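Taking it in order: structure first as C-alpha cells, then the write-up.
Just so we're on the same page: letters track the sequence lines, and every chain starts at 1. Quick caveat, the model's predicted, so the values are computed rather than measured.
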Protein chains: 2
Amino acid sequence: MSKKRLSIVDIANNLNISKTTVSFILNGRAKEKRISTEMVDKVLKYVKEVGYKPNSLAKSLRTGKSNTIGLIVEDISNPFFGSIARLIEDRAYKNGYKIIYCSTYNDMQKTRDMINMFRDRHVDGYIIAPPQGVEEDIASLINESMPVVLFDRYLPTIDTDYVVVNNQFSAYNATQYLVGQGYKNIALITFANDQTQMVDRIRGYQMALKEHGLKQLIKELPFAEDLTESITAFLKSRKGIDAVLFGTNRDATYGIKIMHNLGIRIPEDIAVISFDDSDAFELHSPPITTVAQPVEDMAEHIITILLDKLNNNGVGTKNQSIVLHTDLVVRGSSQPVKK
Amino acid sequence: MSKKRLSIVDIANNLNISKTTVSFILNGRAKEKRISTEMVDKVLKYVKEVGYKPNSLAKSLRTGKSNTIGLIVEDISNPFFGSIARLIEDRAYKNGYKIIYCSTYNDMQKTRDMINMFRDRHVDGYIIAPPQGVEEDIASLINESMPVVLFDRYLPTIDTDYVVVNNQFSAYNATQYLVGQGYKNIALITFANDQTQMVDRIRGYQMALKEHGLKQLIKELPFAEDLTESITAFLKSRKGIDAVLFGTNRDATYGIKIMHNLGIRIPEDIAVISFDDSDAFELHSPPITTVAQPVEDMAEHIITILLDKLNNNGVGTKNQSIVLHTDLVVRGSSQPVKK
DNA sequence: CTGAAAGCGCTAACAA
DNA sequence: TTGTTAGCGCTTTCAG
C-alpha cells in the first residue's frame with residue numbers, strides 16, 4: 001500500500017517510451033506535438049490506472065509557477081474577512097489556484113514577515129488588506145511584476161489594483177440618516193489608525209455633522225486586544241450622546257455589549273449604527289442598523305482582477321480601482337427620536 | 001531593482017567558495033562540519049547584505065518537506081471554525097509552518113479533491129474536520145504515515161488522533177438544565193448527518209428526555225443552503241414546544257431569526273439553548289444560553305499533537321483522542337418557566 | 001575543514 | 001512523431 005510515489009520517469013519506463021512524450025501528453029500538448037492518438041490513450045489509461053499524480057513541487061520549481069495565491073487579511077475569525085476569504089477561496093480553487101492565508105491583526109511586522117514568507121513560497125499573486133507601513137514591501141512586489149490586489153483599504157502611495165467601498169459617502173450617509181431621525185449628539189467610535197477606510201469613514205462622519213452644524217464627538221480606540229475599558233470610559237463620561245456610529249463590526253460588538261452592561265437602552269438612550277453587517281446585528285433586539293458592505297461583489301471583483309492578471313501575465317492590463325457601494329440596512333436601533 | 005533572485009550558487013561564486021559550504025552554514029551545520037568561524041561570519045554577513053532568500057520550493061523538492069499544514073474545515077466563515085483556524089495558524093507560523101486551507105461545506109467530493117490537492121502540494125500534515133465518506137482517503141493518508149489530526153468530529157473506523165468535545169454529555173446536560181428550569185416540551189433542531197458530533201448530541205438529548213419520561217421532538221434539518229423554510233415549517237406545526245436546543249450555531253442563528261419573524265418570544269414562548277458560543281448569542285436580547293466549546297484549548301491540542309508528530313516523524317507516538325469539556329453558559333434565553 | 005557531484009521530478013529546447 | 005538532455009535550486013554523500 002505504501003508504495004513509493006511514481007514519477008514521470010517510472011511511467012515512461014513502464015511503458016517503454018520517453019518521459020518527454022509522457023510530459024507532453026499530460027500537459028495537453030499532444031496535438032501540438034502531433035503525438036499519435038493511440039499513444040495518448042495508452043498513456044492516459046496507464047496514468048489513470050496507477051493513479052499517477054505529478055509532483056507539483058518539481059513542476060513549480062521548473063516553471064516558476066506555484067498556482068498558489070497568498071491571502072492576507074486582518075483577522076480570519078472576523079466574519080467580514082471570513083466571508084470574503086470563503087468566496088475568494090471558492091473561485092480560486094475553481095480556477096486551479098490554492099490559497100495560503102494569514103491574519104495580520106494590523107501588525108506591520110507580522111505582515112512584512114508574511115509577505116516574505118509568501119514570496120519565499122513563490123505564490124503567484126497576492127490579495128492583501130494592508131496595514132500601514134508595508135508600502136515598501138508591496139512596492140517591491142509590484143516591482144517584480146507580481147500581481148497584487150488590495151482590498152478593504154488601499155495605500156495612497158502605491159499604484160496597484162484595489163477593491164474598496166465608498167467609505168466616506170457611506171459614513172456620511174449613515175450620519176445624515178441619524179440626523180434625519182432627530183439625533184443631535186452623534187458620536188463616532190472607531191478603531192484609530194491611518195488606514196484609508198478609517199480615514200474616509202471619519203471624514204464622512206465629519207462632513208455630515210458640519211453640514212448640520214452639529215458637534216463632533218470622536219472616540220478613537222487604541223490598538224488593543226480588549227476594547228472594553230476605553231469604550232466604557234467614553235460612554236460613561238459623555239452623558240449627552242444620543243447616537244453612536246461604530247467604525248467596524250468589532251468596535252460595535254464591544255460597544256453594544258458595554259451598553260448592555262451599563263444599562264443603556266438602544267435606541268431609547270442611544271441609537272446605534274455599525275459598519276459591516278452580520279448575524280449578530282440582525283439578531284440583536286432591537287436589530288442594529290448597519291452599513292452593509294457588498295461582500296460577494298468585493299470577493300468577485302478581487303479574484304476576477306487577480307485571475308486576469310495571472311492569465312495575461314500582467315502585461316497590458318491597466319490597474320483598476322473598484323469602488324463598490326454599501327447599503328444602509330435600516331433596522332430598529334436607529335428609530336426616530338421620540339419627543 | 002528587478003534583479004534576478006540570487007541562488008546559493010551565486011553567493012558561493014561571489015565569495016569564491018563552494019555552495020556546499022554555504023548550504024552547511026545556512027542550515028546551521030557549521031559547527032558540526034567544523035567550518036571556521038570567519039568563514040561563517042563572512043557568509044552570513046554577505047547573505048544578509050544581498051538579502052538572499054533560499055528557494056523553498058527547491059528545498060522542498062530535495063527534502064520532501066514543504067513546511068506546510070493542510071487545514072480542512074467545514075466553513076471558514078463560521079466563527080467557530082474561523083476562531084480555531086486563527087489560533088492554529090498562529091501557532092503553526094510560530095513553528096515555521098504555513099497553512100493551506102479550504103472549506104468543505106460537508107461536501108464529500110470537494111473534501112476528497114482537496115485532500116488530493118494537498119497531497120499533491122506535499123503538505124507535511126493535515127488537520128481535518130471530516131465529513132462522512134472520506135474514510136478511505138484519510139486511511140490512505142495514514143497509510144503513507146502522514147500525520148493527520150481530526151477535530152470537531154472523528155471517524156469511528158479510522159484510528160488516528162482527534163480532538164473533540166464531550167458532545168453527548170454536553171447535550172444531555174443542556175437538556176437536563178432545560179428540564180430543571182421547568183420545560184416539558186423540548187425540541188432538538190439540528191442539521192442531520194451521521195457525523196459523530198451530531199449523533200452524540202442527539203443521543204445526549206434523548207437520554208435526558210428519557211430519564212424524565214418526556215417526549216422527544218427532533219427536527220432534522222436538510223443539507224441545504226437556506227434553512228429558513230424547514231425551520232419555519234417545524235416551528236409553525238408544533239404548537240406545544242416550550243424549549244429548543246439547537247445543534248449548531250448555524251441552526252440557532254436561523255432559528256432565532258425565524259422566531260423573531262413569527263413573533264415567538266424568547267424565553268416566554270420558547271426557551272433556547274444553542275451549541276457554540278458567539279457574539280451574536282451574547283448580544284441577543286435576551287442573551288442566548290449556549291454550550292460553549294473551549295476553542296482555545298481545542299486549537300492548542302490540535303496543533304500540539306500535530307507538531308509533535310511532525311517533529312518525531314510520527315515514530316513512536318501513540319495516537320491520542322482528546323475529549324474536552326464544554327461550558328454551559330447560562331443566559332436569559334433559558335430562564336425558569338413562569339407559572 | 002572544504003569541494004565535487006549526484007539527484008529530487010519536472011519541462012522544453014534541440015536532435016533524430 | 002519520439003527521444004536526449006540540460007537545467008530549476010537545493011541537500012548531502014563522499015573525497016579530498
To the nearest Å, give me how far apart [atom1] ([X]) and [atom2] ([N]) are.
| X | N | atom1 | atom2 | result |
| --- | --- | --- | --- | --- |
| A:Leu61 | C:dC8 | CG | C1' | 9 Å |
| B:Leu26 | D:dC10 | CG | P | 9 Å |
| B:Ile25 | C:dC1 | CD1 | P | 12 Å |
| A:Leu57 | D:dC10 | CG | C1' | 12 Å |
| B:Ile11 | D:dG9 | CD1 | P | 14 Å |
| A:Arg29 | D:dT1 | CZ | P | 15 Å |
| B:Lys53 | D:dG9 | NZ | P | 17 Å |
| B:Phe24 | C:dA4 | CZ | C1' | 12 Å |

For [X] and [N], is the shortest distance between a side-chain N/O and OP1 or OP2 below 4.0 Å?
| X | N | value |
| --- | --- | --- |
| B:Lys59 | D:dT11 | yes |
| A:Tyr52 | C:dG9 | no |
| B:Asn27 | D:dT11 | yes |
| B:Ser18 | C:dA4 | no |
| B:Thr20 | D:dT12 | no |

For this session: Select from B:Lys33 and B:Thr63 the residue whose nearest nucleotide in DNA chain C is closer to the 5' end of that strand.
Result: B:Lys33
For this session: Kindly indicate whether the side chain of A:Pro130, heavy atoms from C-beta on, has any atom under 4.5 Å from the side chain of A:Glu135.
Result: no
Exercise. Is the CD atom of A:Gln109 crowded by more than 12 outside heavy atoms at less than 6.0 Å?
Worked result: yes
Exercise. Reckon B:Ser23 touches a base, only the sugar-phosphate, or nothing at all at heavy-atom distances under 4.0 Å?
Worked result: base
Do [X] and [Y] pair up side chain to side chain, a donor and an acceptor below 3.5 Å, judged on atom types alone?
| X | Y | value |
| --- | --- | --- |
| A:Asp124 | A:Tyr97 | no |
| A:Tyr105 | B:Arg86 | yes |
| A:Gln195 | A:Asn106 | yes |

